[in-house]
Amino acid sequence: LVLLAAYVGYLGLGAVVLQALERPAEVQAARNLLQQRLELLANHTCLQGPALQRLIEGIIQAYKSGITLQGNTTSLGRWDYSGSFFFSISAITTIGYGNLSPSTAVGRIFCIVFALFGIPLNLVLLNEIGHLMLLGVQHCASRLEEVFHWQNKASFLMKTCALVTGLLLFLLLPPLLFSDKEGWSYEEGFYYSFITLSTIGFGDFVIGMNPDRTYPSWYKNVVSLWILFGMAWLALVIKFCINILE
């Protein structure tokens, strides 16, 4: 009962803080959108409200499908091979950004079957990667104990080094790459890194989706590897936090 109360209380605290931080921006954005719509109809009397609403809904639906307007043409690319490969990773890792999803009935059925077998496969692989990471840390700690005759110090030192190295490789340095390739700020890149590796996957920031930017062919492949090893590392950190809480 105490644990349940702490859980609900933690959620309630998060809700209060988020409401205080985000609600004013939401209200202002809604006002701006309504004002822009009214100004557009007032300045272009040939437009009709229902027709404009249908156009807006069509643009929103097209954007969800990965199609954007560029002058008199449209841009495609979210469902090319690299985009489909990245979607496959987001599916079986349960990140599920939500910015892209199958639109055909056959595609949705395949996605269910693909995830049904892919999620366990992903968990097995992440478990093996995490196990290898732990073995590496333990091996280095044992070597330090043999060379310097340290006992508790060696284990603590190696765990600290593993934590710092993981922070650099998976959370602190990747935002620099995202800032260069996506044009994001460092804070946005760091936010994307944690939201991705923790498999929260809101979908407000997703790599390789800006039609105005040209991405190198290796970009999504490197990010895919980063996601795989970063998730294994963060899972170990979360497991350590769970042990502390328990």
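These numbers were taken from a predicted model, which means no experiment stands behind them.
- Salt-bridge check for E26 with R23: passed, with a basic side-chain N closer than 4.0 Å to an acidic carboxylate O.
- Side-chain contact between I129 and W233: absent, with no pair of heavy atoms (C-beta onward) separated by less than 4.5 Å.
- When all heavy atoms of G130 and L236 are compared, the pair lying nearest together is O-CD1, 3.8 Å.
- Linking ILVMFWY side-chain heavy atoms closer than 4.5 Å, directly or via other members, places I195 and L176 in a single hydrophobic cluster.
- Inspection of the D204 and Y97 side chains reveals no N or O donor paired with an N or O acceptor under 3.5 Å.
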* Worked check of side chain to side chain donor-acceptor pair (under 3.5 Å) between N43 and E39 -> CA-CA 6 Å; N43 295 330; E39 290 178 356; 5.5 Å; no

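- For the atom pair I200 CD1 and I95 CD1, the distance stands at 10.5 Å (nearest 0.5 Å).
- Following chains of ILVMFWY side-chain contacts shorter than 4.5 Å, one can reach W218 starting from L173, so the two form part of one hydrophobic cluster.
- Only one option out of F194, F190, W184 pairs with F205 in a ring pair (Phe, Tyr, Trp, His ring centres under 6.0 Å); it is W184.
- Remark: T165 OG1 to M133 CE distance equals 10.5 Å, nearest 0.5 Å.
- Between R31 and Q35 there is no side-chain heavy-atom pair separated by less than 4.5 Å.
- The closest side-chain heavy-atom distance from F114 to I119 is not below 4.5 Å.
- By the 30° and 60° cut-offs, the orientation of the rings of Y192 relative to F178 is perpendicular.
- For the residue pair N32 / Q36, no side-chain donor-acceptor distance below 3.5 Å is found, with atom types taken as modelled.
- Put simply, W226 and L132 are part of two different groups of oily side chains (I, L, V, M, F, W, Y) that touch within less than 4.5 Å, one to the next.
- When the side chains of ILVMFWY residues are joined at heavy-atom separations under 4.5 Å, either directly or via intervening members, M231 and I92 end up in two distinct hydrophobic clusters.
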